[in-house]
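Take a look at the structure below.
All values reported here derive from a predicted model rather than from experimental measurement. Letters A, B, ... mirror the listed sequences (proteins, then strands); counts begin at 1.
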Protein chains: 2
Amino acid sequence: MCKQHNKNLYLRPMNKIDSFVADGFTQYLPGQSIDCVIIGYNEHGLNVLTLNWKEFDMWALPGGFIHNKEDMDQAAIRILKERTGLELAFLKQFYTFGNYNRRDFEEFLKQFEPKELKFQPFINWMKQRFISTGYLALVDMKKCNPTPDFLTESCDWKPINNLPKLLFDHQHIIEKALEQIRIQINYLPIGLSLLPEKFTMKDLQKLYESILQKELDRGNFQKKILKLGFLDRLEKQLSGRAHKAPYLYKFNETKYDYLLKKGIGFIS
Amino acid sequence: MCKQHNKNLYLRPMNKIDSFVADGFTQYLPGQSIDCVIIGYNEHGLNVLTLNWKEFDMWALPGGFIHNKEDMDQAAIRILKERTGLELAFLKQFYTFGNYNRRDFEEFLKQFEPKELKFQPFINWMKQRFISTGYLALVDMKKCNPTPDFLTESCDWKPINNLPKLLFDHQHIIEKALEQIRIQINYLPIGLSLLPEKFTMKDLQKLYESILQKELDRGNFQKKILKLGFLDRLEKQLSGRAHKAPYLYKFNETKYDYLLKKGIGFIS
DNA sequence: ACAAAAGTGTTATCCTTACACCCATGT
DNA sequence: ACATGGGTGTAAGGATAACACTTTTGT
């Protein structure tokens with residue numbers, strides 16, 4: 001899952017950082033950043049994609065800046081692509097974080113110093129005030145190819161219930177994103193992006209339970225979901241397990257897209 | 001309702017524009033703006049507060065910029081205060097507009113030119129790319145004191161179903177705001193901010209009908225709302241009309257605030 | 001045969017909807 | 001008295017929640 005790159009910032013080929021320091025940030029809108037809460041789901045629950053700045057012993061959300069002539073949504077799509085390889089996913093802006101003190105630089109700089117002079121322009125860029133727009137992405141972990149950016153050395157999934165200490169206000173950003181999911185799950189058929197193409201009703205139920213953080217009744221869940229009609233029932237799974245084989249389902253994209261637009265009201 | 005100010009930008013006392021041009025915009029974050037969709041409700045339905053740049057024959061949403069050391073939310077509160085006099089209201093960020101081409105400057109500049117040289121720095125400030133965060137405010141029109149800013153000459157309520165042509169993407173911003181209200185009304189007890197302290201059940205029903213753009217059943221609405229329990233019934237109104245006097249109600253702030261946080265699920 | 005988990009059914013309760021009915025009031 | 005609109009009631013239908021029953025399958 002995790003790609004280990006060069007172990008130390010100062011031993012690492014510096015061309016990318018150098019070029020960012022030299023002129024990269026003249027290509028970006030100043031003071032405006034994007035943070036992506038990329039959420040994946042596996043048998044242990046929900047996970048968030050995080051980046052590790054090992055030099056500073058810090059984990060951070062994947063983020064980036066907006067090119068001068070780039071739509072903000074486009075920038076988010078680009079960042080998602082760069083970190084995961086995915087071009088298609090549920091991706092949605094959810095909140096913009098604009099508090100003056102949202103980035104606590106004391107701790108950050110403590111770990112950065114003493115450093116080479118050449119980093120000064122980069123530090124200055126980083127030290128400016130940023131207003132950051134949060135994007136929520138729901139992805140299929142199995143289709144992801146987590147890739148660190150030029151500042152970080154690893155890119156890893158972290159279980160949402162056991163997150164490491166995060167940079168700045170990133171913990172808060174994740175909480176706000178989860179809040180959004182829990183609201184949206186009540187009127188949008190979230191799920192297609194987080195599950196593989198074929199899945200069982202139990203898979204979907206576990207996903208909903210992960211999101212809502214509570215247990216749901218098996219029989220009632222099945223009836224409720226099927227009545228909404230955005231699932232197509234497929235052949236039975238050859239389960240090879242000591243019980244009745246469950247049906248497989250897939251999303252009926254026509255109906256699913258329709259409900260994505262129209263919204264639904266369900267799941268108490 | 002409308003305050004007529006000086007009729008022409010060029011005859012108007014220039015000190016405020018001059019000082020903005022001179023150094024005002026060094027106090028603000030570049031490229032970041034706020035647009036407020038301020039919504040009021042009266043017997044004719046929902047209204048939006050708009051500003052008129054008469055020189056350009058354009059209407060615009062109240063907006064502004066963010067001071068260098070000011071929280072974004074604080075800036076929105078300040079703008080709301082400046083345009084309406086209100087300090088307390090339902091005020092909530094709802095979306096950030098970041099498309100590269102969201103502001104069509106051709107039309108804007110066409111109307112601005114030919115102009116005096118002194119405006120050039122201001123035009124340059126305005127011509128930069130802005131990413132704008134939209135805030136939704138729900139207010140009691142009767143408590144508002146609409147006041148134009150230093151660039152505009154009047155500040156007026158416009159009925160939401162009959163808006164004039166608006167600047168840039170402001171029409172789109174309003175539509176997005178309305179979409180938000182219609183979603184939020186399903187899980188938040190919206191209403192306190194839009195109505196006077198005391199009101200009848202019919203007033204509240206008409207408000208919901210304005211927002212949802214459909215008629216609701218009188219009896220069922222009453223039962224549903226009362227069961228939620230955020231209203232206190234007061235004495236009967238001396239109606240002086242040819243029918244039974246209706247009760248007056250007011251919001252029970254304790255219960256209302258609780259439901260604002262917790263959310264509700266209702267109104268189909 | 002049995003355990004385990006899937007699929008489906010049953011029931012009591014609650015909520016929603018669409019009305020109907022009665023009440024208070026000014027003309 | 002009657003038209004108007006307020007307050008409340010009712011009955012049918014639908015949704016929900018809790019749980020039970022049956023089916024399939026590997027051990």
Here the distance between atom P of C:dA18 and atom CZ of B:Phe221, to the nearest Å, is 16 Å
Roughly how many Å is it from NZ in A:Lys224 to C1' in C:dG7, rounded to a whole number? 18 Å
Could you give the CG-to-C1' distance, from A:Leu228 to D:dA15, as a whole number of Å? 12 Å
Among the candidates D:dG7, C:dA6, D:dT16, find the nucleotide nearest to the side-chain atoms of A:Pro246. C:dA6
Whole angstrom value for the distance that separates P of D:dT16 from CD of A:Glu215: 20 Å
Regarding A:Lys202 and A:Glu209, does a basic nitrogen lie under 4.0 Å from an acidic carboxylate oxygen? no
Salt-bridge contact B:Lys250-B:Glu197 (side-chain N to carboxylate O under 4.0 Å): no
Nucleotide C:dT16, atom C1' - distance to NZ of B:Lys227 in whole Å: 9 Å
Upstream residue (5' side of DNA chain C) when A:Lys244 and B:Asn220 are each assigned their closest nucleotide: A:Lys244
Result for 5'-nearest mapping on DNA chain D, choosing between A:Asp217 and A:Ala242, is A:Asp217
Closest listed nucleotide, where the reference is the side chain of B:Lys202 and the choices are C:dG7, D:dG7, D:dG6: D:dG6
What is the distance, to the nearest angstrom, from the CG atom on A:Leu204 to the C1' atom on C:dG7? 16 Å
Base, sugar-phosphate alone, or nothing: which one does B:Lys223 contact when heavy atoms must sit under 4.0 Å apart? base
Using the salt bridge (charged side-chain N to carboxylate O under 4.0 Å, His left out) rule, take B:Arg102 and B:Asp35 through it: C-alpha gap first, then chi angles, then the decisive distance, then the call. CA-CA 13 Å; B:Arg102 55 177 285 269; B:Asp35 285 303; 3.6 Å; yes
In whole angstroms, the gap separating P of C:dT25 from NE2 of B:His243 amounts to 11 Å
Describe, in one word, how the ring planes of A:Tyr256 and A:Phe251 are oriented to each other, choosing from parallel (under 30°), tilted (30 to 60°) and perpendicular (over 60°). perpendicular
Modelled atom types, side-chain donor and acceptor of A:Asp73 and A:Tyr135, under 3.5 Å: yes
Assess whether one donor atom and one acceptor atom, taken from the side chain of B:Arg218 and the base of D:dG7, lie less than 3.5 Å apart. yes
Taking only N and O in the side chain of B:Gln222, is any of them less than 4.0 Å away from OP1 or OP2 of D:dG6? no
Here the distance between atom P of D:dG6 and atom CG of B:Leu226, to the nearest Å, is 14 Å
